[in-house]
Chemist: 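Next up is a structure, given as structure tokens.
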Protein chains: 2
Amino acid sequence: MPRAKTTPQKSAADDAECCVPNPSTGRGRARTVGSYAVLCKALADETRLEILVMLAERTGTLCACEIEAHFDLSQPTISHHLRILREAGLVRVERRGTWNHYTLERQTVAKLAALAALLST
Amino acid sequence: MPRAKTTPQKSAADDAECCVPNPSTGRGRARTVGSYAVLCKALADETRLEILVMLAERTGTLCACEIEAHFDLSQPTISHHLRILREAGLVRVERRGTWNHYTLERQTVAKLAALAALLST
DNA sequence: GTACTGGATCGACGTTTATCAATCCAGCGT
DNA sequence: ACGCTGGATTGATAAACGTCGATCCAGTAC
């Protein structure tokens with residue numbers, strides 16, 4: 001606990017405080033963070049990041065089978081990653097007949113940029 | 001891998017292709033991703049995100065004791081999170097006497113913006 | 001109808017992660 | 001020298017995560 005207030009003398013270092021007095025502690029928007037946590041969690045995997053880069057490189061859509069062909073992972077694993085990306089709002093799926101076409105949800109990517117901006121303030 | 005690609009030839013479905021022909025198998029540059037994965041992993045925790053927001057709100061530094069006082073977590077847990085943030089290059093620590101002062105490493109935050117830009121291409 | 005195929009879901013297994021209590025280390029003060 | 005204090009390190013534990021094989025479901029083609 002920051003108990004350094006008991007001796008306010010200017011003994012050796014007057015500013016030997018542990019930190020700045022910490023006023024009002026801007027506790028305000030440090031609570032909106034949960035929304036970004038799920039987003040970052042979805043991005044915190046190399047496979048998922050690579051999928052997103054694949055989608056970003058192609059402006060069009062990409063079907064799941066092609067995504068799957070790009071990795072040495074099993075089909076359930078890719079399906080699992082796509083599910084996480086979908087639930088995070090990072091990709092959108094469109095069923096065309098039997099095949100699923102995925103597109104990047106750039107609106108959610110913008111949220112990542114918003115986080116970067118929030119931390120640059 | 002029994003699910004090997006059978007390369008759906010034009011059996012009967014003329015244009016019912018699963019996706020665009022997929023030429024050149026763009027396997028190229030989707031490899032830079034590993035660098036971003038560690039960054040996102042460090043961000044993929046609510047506590048760590050909140051610490052970063054605290055640091056971003058204050059332009060100055062923040063000592064570990066004050067960070068610890070903000071959470072209901074034990075001291076080793078906070079120390080663990082700070083370690084991960086440090087190893088990810090997101091914060092820089094400066095030992096002043098007994099206390100450790102942390103500052104946000106905005107250069108690394110810029111890397112997050114770079115990822116957002118990469119995905120917006 | 002049956003047969004086939006793209007994809008999701010279900011268990012299960014091994015690894016990683018967040019958390020804690022206990023301990024250890026390094027400065028500071030008397 | 002001591003004691004005290006801020007922080008890091010060390011196990012240990014429980015939850016979450018990534019991966020797979022097996023299975024199931026929904027379209028399509030025959």
Side-chain angles (χ1 to χ4, degrees), chain A residues 1-7 9-13 15-19 37-38 40-51 61-69 71-88 91 93-102, chain B residues 1-19 37-38 40-51 61-69 71-88 91 93-102:
Chain A
M1 307 317 170
R3 184 66 54 189
K5 268 304 194 183
T6 50
T7 55
Q9 274 75 4
K10 56 180 194 304
S11 59
D15 64 329
E17 277 303 317
C18 122
C19 14
V38 287
C40 290
K41 255 184 236 249
L43 294 166
D45 184 277
E46 216 168 312
T47 302
R48 290 198 288 270
L49 270 179
E50 211 166 318
I51 292 176
T61 72
L62 215 52
C63 88
C65 69
E66 184 171 7
I67 296 176
E68 181 187 335
F71 298 92
D72 272 356
L73 300 172
S74 68
Q75 176 265 323
T77 298
I78 298 293
S79 184
H80 165 68
H81 287 309
L82 287 173
R83 179 175 142 94
I84 290 182
L85 290 175
R86 209 183 326 133
E87 288 179 353
V91 302
V93 63
E94 183 188 353
R95 287 188 173 80
R96 274 188 222 163
T98 318
W99 297 289
N100 288 10
H101 290 240
Y102 285 87
Chain B
M1 319 355 167
R3 180 54 81 221
K5 58 166 73 169
T6 47
T7 312
Q9 295 298 69
K10 48 165 112 35
S11 57
D14 17 62
D15 63 328
E17 275 305 318
C18 116
C19 16
V38 287
C40 290
K41 255 185 238 245
L43 294 167
D45 183 278
E46 215 168 313
T47 301
R48 291 197 288 269
L49 271 180
E50 212 167 316
I51 292 175
T61 71
L62 215 51
C63 88
C65 69
E66 185 169 7
I67 296 175
E68 182 187 334
F71 297 93
D72 272 356
L73 301 172
S74 68
Q75 176 264 324
T77 299
I78 298 294
S79 183
H80 164 69
H81 287 308
L82 287 173
R83 179 172 141 97
I84 290 182
L85 290 175
R86 209 184 326 135
E87 288 178 354
V91 301
V93 64
E94 182 190 352
R95 286 188 173 80
R96 274 188 223 163
T98 317
W99 297 290
N100 289 9
H101 290 240
Y102 285 87

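Scope of the values below: all heavy atoms of this structure, side chains included, with no hydrogens, waters or symmetry mates. Everything numeric here is computed off the predicted structure, so don't read it as measured data.
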Chemist: Does Leu82(B) reach a base, just sugar-phosphate, or nothing at all? Heavy atoms under 4.0 Å.
Modeler: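 The residue Leu82(B) makes no contact with any strand.
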
Chemist: For dG7(D), take OP1 and OP2 only and decide whether either is under 4.0 Å from a side-chain N or O of Arg95(B).
Modeler: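 For dG7(D), OP1/OP2 do not have a side-chain N/O of Arg95(B) under 4.0 Å.
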
Chemist: If each of Pro76(A) and Thr98(A) is mapped to the nucleotide of DNA chain C with the nearest heavy atom, which maps nearer the 5' terminus, i.e. the 5' end?
Modeler: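 In this pair, the answer is Thr98(A).
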
Chemist: Please tell me if His81(B) has a side-chain N or O lying less than 4.0 Å from either OP1 or OP2 of dT19(C).
Modeler: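 Checking dT19(C) against His81(B), a side-chain N or O does come within under 4.0 Å of OP1 or OP2.
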
Chemist: State which of dA8(C), dT17(C), dC17(D) makes the closest approach to the side chain of Lys41(A).
Modeler: dC17(D)

Chemist: Leu73(A) near the nucleic acid: base, sugar-phosphate alone, or nothing, with a heavy-atom cut-off under 4.0 Å?
Modeler: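 If one applies the 4.0 Å heavy-atom cut-off, Leu73(A) turns out to touch the sugar-phosphate alone, with no base involved.
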
Chemist: Where the side chain of Ala64(A) is concerned, which of dG18(D), dA8(D), dG7(C) is the nearest nucleotide?
Modeler: dG7(C)

Chemist: Side chain of Cys63(A) only, heavy atoms from C-beta on: which candidate in dG7(C), dA18(C), dT19(D) is closest?
Modeler: dG7(C)

Chemist: Measuring from the side chain of Trp99(B) (C-beta onward, heavy atoms only), which nucleotide among dT19(D), dC20(C), dG7(D) has the closest atom?
Modeler: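 Of dT19(D), dC20(C), dG7(D), dG7(D) is nearest to the side chain of Trp99(B).
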
Chemist: Arg48(A) side chain N/O closer than 4.0 Å to the phosphate oxygens (OP1, OP2) of dG18(D)?
Modeler: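 Checking Arg48(A) against dG18(D): at least one side-chain N or O falls below 4.0 Å of OP1 or OP2.
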
Chemist: It should be established whether Ser79(B) places a side-chain nitrogen or oxygen under 4.0 Å from OP1 or OP2 of nucleotide dG7(D).
Modeler: no

Chemist: Side chain of Cys65(A) only, please: which of dG7(D), dG7(C), dA8(D) is the nearest?
Modeler: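 Ranking dG7(D), dG7(C), dA8(D) by closest atom to the Cys65(A) side chain puts dG7(C) first.
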
Chemist: Quick one: label Ile67(B) by what it contacts on the DNA or RNA (base, sugar-phosphate, nothing), any heavy atom closer than 4.0 Å.
Modeler: nothing

Chemist: May I ask you to evaluate whether Asn100(B) reaches the phosphate of dA8(D), defined as a side-chain N or O under 4.0 Å from OP1 or OP2?
Modeler: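 Checking dA8(D) against Asn100(B), a side-chain N or O does come within under 4.0 Å of OP1 or OP2.
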
Chemist: Under 4.0 Å between a side-chain N/O of Thr77(A) and OP1 or OP2 of dG18(D), yes or no?
Modeler: no

Chemist: If we only count heavy atoms from C-beta on, is the Ile67(B) to His81(B) side-chain gap below 4.5 Å?
Modeler: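 A side-chain contact under 4.5 Å is absent here.
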
